[in-house]
2 protein chains.
Amino acid sequence: MRIEEAIKQNKPFSSEFQKAIVNLVYTASWWNQVATRLLRPFGISQEQYNILRILRGMGDQPATIKTLTERMLDNNSNASRLVEKLKKKALVERLECPMDRRRVDITITAKGLQLLDETASIMDGNIHSNFAHLTEEESLQLNELLDKMRG
Amino acid sequence: MRIEEAIKQNKPFSSEFQKAIVNLVYTASWWNQVATRLLRPFGISQEQYNILRILRGMGDQPATIKTLTERMLDNNSNASRLVEKLKKKALVERLECPMDRRRVDITITAKGLQLLDETASIMDGNIHSNFAHLTEEESLQLNELLDKMRG
DNA sequence: CAACATTCAATGTATAGACATATATTTGCA
DNA sequence: TGCAAATATATGTCTATACATTGAATGTTG
């Protein structure tokens, strides 16, 4: 569905660029809803999921809050509080960093890794089959345009 | 900056499509931050701004909460509460619909229209000059890809 | 027309983002 | 060394999304 129909806009946009901004926000919101629903059965939010993925990507190396903040998609989000919630679910561990007591070393637990495994087919496989209305070539174009848009 | 650098991802994405999903969320978050900062001096949030724009677009016709919900970019957002906040700022009016007392007719006030006028140069003009790293042709492509992505 | 279903809006509760501020620790340098 | 600046994290407060539920008004149908 074209963006104009999606938001029932009858007047034309003042430019393709203006439309692209609206389309970007709308499409991100659309995706957000999809992802939220996919993750709901696992009891975690997209943001918490994202943190678990980053932690797994660190391998043996622990992450600090700072590291997470830098790598999170929304880097104004509050890594401290998200980590706190993950800790309550025993999905991550938090240890005072011995080198620098200001820091906190965060690692994913076995339970956290297991949860990621359980989400894999839905979050990786299914997405591609159910939502991949773009070919690889189109996805590549989209990536280039989004990168360019941010300047 | 390419998305991999932006989120300091060292491992390659499993596919261009997976990367596009991450890029979409990241770029929307980037835009969200830009817009939030642009609107902050005017004392309204992006969502409230969006509602004002929809109301202005209605012309003389009033909008109901339902109408707003349908047209909002994030249609899970809570139009009732956003309207309530706009009303407190005297930017909109809310009247019981005489035809159907379940409904509420919402209209933008003169003050609301004035606020939109004040934001115009920043939200319309400036965006294009400061953030339009895309040409019209590229914006068009982006629109097509985003529309296609949603299926 | 009465009973039931549907629609519209509001609200309760959980999660998260935006931003300022607080607190502890470390660094740097006079 | 001592003290100010910088850094890392946590927290307070406002705003907003996600979703279930409530309650009033209206539609529908036997």
Side-chain angles (χ1 to χ4, degrees), chain A residues 25-26 28-52 62-89 91-92 94-106, chain B residues 25-26 28-52 62-89 91-92 94-106:
Chain A
V25 174
Y26 181 80
S29 163
W30 162 83
W31 168 250
N32 190 45
Q33 287 178 39
V34 170
T36 298
R37 283 167 198 165
L38 290 179
L39 284 173
R40 179 160 257 252
F42 301 98
I44 57 166
S45 68
Q46 243 190 113
E47 296 73 14
Q48 291 175 23
Y49 174 76
N50 188 220
I51 288 187
L52 290 182
T64 64
I65 294 287
K66 185 171 156 56
T67 316
L68 292 178
T69 301
E70 282 168 357
R71 300 189 178 203
M72 282 171 69
L73 298 186
D74 197 321
N75 54 14
N76 254 325
S77 134
N78 220 311
S80 281
R81 281 189 266 234
L82 292 176
V83 165
E84 174 62 21
K85 283 170 188 169
L86 290 169
K87 187 169 179 266
K88 277 188 184 158
K89 297 176 198 163
L91 299 172
V92 305
R94 199 169 45 185
L95 287 167
E96 189 181 76
C97 173
M99 297 297 114
D100 183 340
R101 280 172 28 225
R102 285 171 304 185
R103 294 189 197 169
V104 176
D105 281 346
I106 299 144
Chain B
V25 174
Y26 181 80
S29 162
W30 162 83
W31 169 251
N32 190 46
Q33 287 178 39
V34 170
T36 298
R37 282 169 200 163
L38 290 178
L39 284 172
R40 179 159 260 253
F42 301 97
I44 57 166
S45 68
Q46 243 190 111
E47 295 74 12
Q48 291 175 23
Y49 173 76
N50 186 220
I51 288 188
L52 291 182
T64 63
I65 295 288
K66 186 171 154 57
T67 316
L68 292 178
T69 302
E70 282 168 357
R71 299 187 180 206
M72 283 172 69
L73 298 186
D74 197 321
N75 55 14
N76 254 323
S77 133
N78 219 312
S80 283
R81 279 187 269 234
L82 293 175
V83 165
E84 173 61 23
K85 282 171 189 168
L86 289 169
K87 187 169 179 265
K88 278 189 183 157
K89 295 175 200 164
L91 300 171
V92 304
R94 199 170 43 185
L95 288 167
E96 190 182 76
C97 173
M99 297 297 117
D100 183 340
R101 285 180 15 235
R102 285 171 303 185
R103 294 189 197 167
V104 177
D105 281 345
I106 301 143

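Residue numbers begin at 1 in each chain, while the letters A, B, ... track the order of the sequences.
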Which whole-number value in Å describes the distance from [X] [atom1] to [N] [atom2]?
X        : N      : atom1 : atom2 : result
B:Asn32  : C:dC19 : CG    : C1'   : 13 Å
B:Asp100 : C:dT7  : CG    : P     : 12 Å
B:Asn78  : D:dA20 : CG    : C1'   : 12 Å
A:Leu82  : C:dT15 : CG    : P     : 11 Å
B:Lys85  : C:dA10 : NZ    : P     : 14 Å
A:Glu70  : D:dT9  : CD    : C1'   : 14 Å
B:Tyr49  : D:dA16 : OH    : C1'   : 18 Å
A:Glu47  : C:dA16 : CD    : C1'   : 6 Å

Let me spell it out: for each of A:Ile65 and B:Gln48, pick the nucleotide of DNA chain D with the closest heavy atom. Which residue's pick is nearer the 5' end?
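With A:Ile65 and B:Gln48 compared, the 5'-side residue is A:Ile65.
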Which residue, A:Thr64 or B:Gln46, contacts DNA chain D at a nucleotide closer to its 5' end, judged by nearest heavy atom?
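By nearest-heavy-atom nucleotide position, the 5'-most residue is A:Thr64.
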I want to confirm an ordering. Mapping A:Met99 and B:Lys66 to their closest nucleotides on DNA chain C, which one lands closer to the 5' end?
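First, find each residue's nearest nucleotide; the 5'-ward one identifies B:Lys66.
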Would you mind telling me which residue lines up with the more 5' stretch of DNA chain C, B:Asp105 or A:Lys89, judged by nearest nucleotide?
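Final value for this comparison: B:Asp105.
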What nucleotide, of D:dA10, D:dA8, C:dA16, holds the atom closest to the side chain of A:Arg94?
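When the side chain of A:Arg94 is considered, D:dA10 is the closest of D:dA10, D:dA8, C:dA16.
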Given D:dA18, C:dC19, D:dC19, the nucleotide with the shortest approach to the side chain of A:Arg37:
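Nearest to the side-chain atoms of A:Arg37, counting from C-beta on, is D:dC19.
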Between CD1 on residue A:Ile65 and CG on residue A:Asp105, distance to nearest 0.5 Å:
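Output value for this atom pair is 10.5 Å.
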How long is the span from the CE atom in A:Met99 to the SG atom in A:Cys97, to the nearest 0.5 Å?
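One gets 6.5 Å once the value is rounded to the nearest 0.5 Å.
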Is a donor on one side and an acceptor on the other found under 3.5 Å between the side chain of A:Lys89 and the backbone of A:Gly43?
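Side chain of A:Lys89 to backbone of A:Gly43, a donor-acceptor pair under 3.5 Å: yes, one is there.
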With a 4.0 Å cut-off on heavy atoms, is B:Ser80 in touch with a base, just the backbone sugar-phosphate, or nothing at all?
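Touches a base.
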Is the number of heavy atoms from other residues, nucleotides or ligands under 6.0 Å of A:Lys87 NZ greater than 12?
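Open: at most 12 neighbouring heavy atoms sit under 6.0 Å from NZ of A:Lys87.
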So if I apply the side chain to side chain contact (heavy atoms under 4.5 Å, CB included) rule between A:Val83 and each of A:Leu91, A:Leu68, A:Asn78, which one comes out positive?
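When side chain to side chain contact (heavy atoms under 4.5 Å, CB included) is applied between A:Val83 and each of A:Leu91, A:Leu68, A:Asn78, only A:Leu68 qualifies.
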Establish whether the base of C:dG17 is bridged to the side chain of A:Arg81 by a donor-acceptor pair shorter than 3.5 Å.
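Donor-acceptor pair under 3.5 Å: no.
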Ignoring hydrogens and angles, does a donor from either the side chain of A:Arg102 or the base of D:dT9 sit under 3.5 Å from an acceptor on the other?
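Donor-acceptor pair under 3.5 Å: no.
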